[in-house]
Amino acid sequence: MDLQKHSAKQYKSKAWLALAYSLASLSATCQHVQAQGPSAPMTNASRVEMSPVATPLSKPAGSTGDPAQNLPELHYKAPGGPQSVIDDPAKAGQRNIDSDVPPMPMSSIDAEPGGAGGPGNAPVSATIRYDVDANGKTSPADPSRSGDGISIFNSLDEALAKSPRAAAIRALFPVAKSEFMRATEQASPQFNKDSGIAAEQTFRTGTIITVEPPWKLVFRLIVAKKFVDQQKLDLMADLWRLRAEVRRTYTEVVVAQETLETQANLYDLAHTLRVVTEKRFQAGDVPELDLLKARLAESQYDVERLVAERRVIRAKQQLNIILGRKAEAPITVPRLPAFLGEAKNAVQTKHPLLPDFSRPERPLESFIALSEKFRYELKSLDQQLLVNKANLQRTYGNMVPNVQYWTGNSNTYNLPSGPRLSAYYFGVNMPTNLTDFGQGDLAKFKALARQLNYQVGSQKNIIIGEVSSAYNNLLAARQKLQNYEEHILHDSFEVARLARRSYEVGQSDITSTLQTQQNNVLIRSLYLQAIQLYQDAFTELEMACGIPLLESD
């Protein structure tokens with residue numbers, strides 16, 4: 001009985017101490033809120049400043065107010081109660097990285113020692129706004145709030161239409177078409193003057209005209225047409241490679257956004273865990289080492305979140321640049337389907353960056369047939385064969401020499417006593433081509449025709465290898481994504497949630513809880529890597545086939 005009374009007195013003393021600490025924190029909080037005004041947002045920095053035991057965290061990027069950097073503004077909103085994204089897996093995938101989330105109610109277990117107005121009510125969940133212009137003003141028509149954005153198909157169309165890289169490629173086509181004007185070039189007439197007054201007493205003035213057979217002009221025009229067609233195919237191949245680069249850049253933006261959301265969620269979990277650890281430490285339930293571990297994890301995850309935020313900014317600026325926009329222009333890219341808590345529904349969601357699991361993938365032979373039909377490299381080789389054939393025909397046509405006619409007026413003084421004579425003169429030069437009949441070009445074009453035929457077979461072999469490699473990579477990434485979306489993501493989230501609840505009620509230690517949360521974020525990161533691998537394989541397969549494999553509905 002004495003021991004029970006002693007324990008009860010000790011518990012009451014700790015309760016009174018906790019109550020006094022809560023009242024003091026509440027008073028300090030009210031003074032801070034009054035100083036900022038009723039509408040001042042609760043930022044991460046203010047929460048750390050108000051909490052007497054919290055370690056100061058890094059200042060979120062974008063809070064400097066420097067519009068020239070166009071940094072996104074970070075706002076934090078606290079999860080709490082059974083409706084929190086931490087407690088309710090159905091809410092976990094609904095956080096939009098480009099839109100604000102309304103604040104959620106706090107339950108008593110998620111409140112910090114500061115009471116209702118204390119640091120526990122500070123916003124925690126990260127949201128990003130990327131709609132700040134160069135003047136630091138927010139665009140009134142924020143496309144991120146409506147959930148719309150530039151799709152992968154719109155970005156491809158815009159890049160091919162407005163990108164400076166595409167314009168430079170298209171500008172090469174008129175350069176190739178200049179071969180038509182070059183084909184019309186012919187030998188110009190020459191002016192001839194022959195003065196032999198001192199010796200022959202003869203003075204001649206006339207012209208030299210070179211006449212070529214008309215088929216030579218026709219052959220040159222044919223060669224020019226074949227060459228222009230071949231250059232057009234090469235330029236189309238360059239545009240096709242630009243299209244693949246746009247796809248990779250767009251995918252990087254999507255993956256960067258989801259990575260930031262993952263890091264933000266991990267930071268939210270670490271912050272909530274630190275709040276719980278503070279309460280348990282104040283109650284004497286856990287040692288100070290657990291509090292230090294929780295604070296260290298929160299600081300570490302905050303750094304990773306800021307790095308992920310910079311990755312989003314970099315990816316969006318790269319997408320703007322390749323689309324021909326200003327680097328800091330606002331751009332919104334749609335999010336991926338929710339894959340936390342609703343993973344089993346996400347597997348049935350159709351998204352252009354994710355595979356359609358309702359349909360099996362086509363066999364390898366169908367993609368090989370597409371590559372042999374549409375691949376620009378094969379088309380270019382076929383056109384080079386036609387160019388070589390036209391050059392060979394032109395060489396045969398050039399065997400007939402060009403004839404030179406020279407004519408004019410001849411004056412002779414006919415010395416010593418004869419009369420002065422004046423009459424026209426006429427002459428013809430006819431080359432024989434006995435030693436130069438184009439034998440070098442004939443041998444070259446015949447050998448080049450054989451080499452191009454071998455090159456076609458070699459290119460087909462390379463293309464089949466590329467299609468096979470990309471196809472198997474696609475199937476592997478597809479299977480990996482399906483496993484993640486069907487059960488791995490959901491199971492990992494549940495394990496992390498239950499581990500956190502287990503620590504809150506004192507059934508597990510802080511180390512195992514932090515390890516479980518790290519494993520959960522690792523699985524989500526691996527899922528995002530699988531998405532990027534799938535898109536890389538899909539892009540490689542499109543490049544190998546030479547035709548878009550996915551069209552917008």
Side-chain angles (χ1 to χ4, degrees), residues 134 150-186 217-253 314-331 333 370-371 373-391 394 448 452 455-456 459 462-463 466 535-536 539-552:
I150 181 171
S151 66
I152 179 64
F153 306 106
N154 293 335
S155 63
L156 294 174
D157 294 340
E158 183 174 347
L160 295 178
K162 299 181 180 180
S163 174
R165 307 181 192 184
I169 295 174
R170 290 193 300 267
L172 291 174
F173 188 60
V175 178
K177 293 176 66 176
S178 64
E179 293 297 322
F180 285 112
M181 300 305 297
R182 185 181 299 275
T184 61
E185 295 178 355
Q186 296 185 7
L217 174 62
V218 175
F219 285 148
R220 287 199 300 269
L221 290 174
I222 293 176
V223 171
K225 183 180 183 305
K226 302 299 182 183
F227 176 78
V228 170
D229 293 341
Q230 185 251 322
Q231 289 295 309
K232 181 179 179 180
L233 291 173
D234 292 342
L235 296 179
M236 291 294 293
D238 292 338
L239 290 174
W240 185 247
R241 284 186 286 270
L242 175 62
R243 183 182 184 274
E245 187 175 353
V246 175
R247 283 189 64 94
R248 296 188 184 97
T249 307
Y250 186 92
T251 304
E252 171 63 19
V253 174
R314 173 187 175 276
K316 287 192 173 183
Q317 288 183 355
Q318 290 297 315
L319 183 59
N320 275 330
I321 292 171
I322 200 172
L323 294 182
R325 303 181 179 183
K326 294 183 179 179
E328 297 178 353
I331 185 172
V333 174
L370 289 175
S371 65
K373 182 178 181 182
F374 295 104
R375 188 69 179 261
Y376 285 108
E377 285 81 357
L378 292 178
K379 293 181 179 180
S380 179
L381 286 174
D382 292 338
Q383 193 64 34
Q384 289 180 38
L385 284 169
L386 296 179
V387 173
N388 185 77
K389 182 180 179 180
N391 280 321
R394 186 188 65 176
L448 185 58
L452 288 175
Q455 186 67 26
V456 170
Q459 189 64 42
I462 294 174
I463 290 175
E466 292 176 352
Q535 274 303 304
D536 290 342
T539 303
E540 291 177 1
L541 187 59
E542 271 194 343
M543 289 288 294
C545 292
I547 185 175
L549 301 178
L550 185 64
E551 298 290 347
S552 59

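- Across all non-hydrogen atoms, the minimal contact from A315 to V253 is O-CG2, 3.3 Å.
- Summarising the geometry, atom OG belonging to S380 is positioned 11.5 Å from atom CZ belonging to R375; distances are rounded to the nearest 0.5 Å.
- I322 has its side chain within reach of L242: a pair of non-hydrogen atoms, C-beta onward, lies under 4.5 Å apart.
- Between L448 and N391, the closest side-chain pair of non-hydrogen atoms is not below 4.5 Å.
- Proximity of D382 to L452: side-chain heavy atoms (C-beta onward) are nowhere separated by under 4.5 Å.
- Here the closest heavy-atom approach between residue L378 and residue V456 is recorded as CD2-O, 4.1 Å.
- The backbone N or O of D536 lies less than 3.5 Å from no partner atom in the side chain of R248, so there is not a single donor-acceptor pair.
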Please step through side chain to side chain contact (heavy atoms under 4.5 Å, CB included) for the pair E328 and Q317, ending with a clear verdict. CA-CA 6 Å; E328 297 178 353; Q317 288 183 355; 3.9 Å; yes
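- With T539 contributing its side chain and A244 its backbone, the two residues share no donor-acceptor pair below 3.5 Å.
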Could you walk me through whether L549 and L370 satisfy the side chain to side chain contact (heavy atoms under 4.5 Å, CB included) test, starting with their C-alpha distance in whole Å, then the side-chain angles of each, then the deciding distance to 0.1 Å, before giving a yes or no? CA-CA 10 Å; L549 301 178; L370 289 175; 4.1 Å; yes
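- Distance check: F227 CZ to E179 CD gives 5.0 Å after rounding to the nearest 0.5 Å.
- L239 CG to L160 CG: the interatomic distance, rounded to the nearest 0.5 Å, is 6.0 Å.
- Here the closest heavy-atom approach between residue A390 and residue I222 is recorded as CB-CG2, 4.0 Å.
- Here the closest non-hydrogen pair linking G324 and P164 is CA-CD, 3.7 Å.
- Salt bridge annotation for R241-D238: present, with a cationic side-chain nitrogen under 4.0 angstrom from a carboxylate oxygen.
- In this structure, CG in L541 is found 11.5 Å from CD1 in I547, a value given to the nearest 0.5 Å.
- Within the 3.5 Å criterion, the main-chain N or O of L156 finds no donor-acceptor partner in the side chain of Y250.
- Judged purely by atom type and a 3.5 angstrom limit, N388 has no side-chain atom pairing as donor or acceptor with the backbone of Q384.
- Within the structure, salt bridge (charged side-chain N to carboxylate O under 4.0 Å, His left out) pairs that include any residue of residues 160-175 comprise R165-E245 (at least two apart or interchain).
- Of all heavy-atom pairs between A329 and N320, the closest is O-ND2, 2.8 Å.
- What you find for A544 and S371 is that their closest heavy atoms are O-CB, 3.2 Å.
- E158 places a side-chain heavy atom less than 4.5 Å from the side chain of R325.
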Please assess L217 against R220 for the test side chain to side chain contact (heavy atoms under 4.5 Å, CB included), listing each intermediate value before the final yes or no. CA-CA 5 Å; L217 174 62; R220 287 199 300 269; 3.8 Å; yes
Please evaluate residues V333 and L319 with respect to the criterion side chain to side chain contact (heavy atoms under 4.5 Å, CB included), reporting the C-alpha separation (whole Å), side-chain torsions for both, the decisive distance (0.1 Å), and the verdict. CA-CA 10 Å; V333 174; L319 183 59; 4.1 Å; yes
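- Looking at Q230 and D234, their side chains do bring a donor and an acceptor atom within 3.5 Å of each other.
- Remark: D229 CG to Q383 CD distance equals 5.0 Å, nearest 0.5 Å.
- Contacts classified as salt bridge (charged side-chain N to carboxylate O under 4.0 Å, His left out) and involving residues 539-550 (residues at least two apart or in different chains) are given here: R243-E542, R247-E542.
- Expressed to the nearest 0.5 Å, how far CD1 of I462 lies from CD of Q455 amounts to 7.0 Å.
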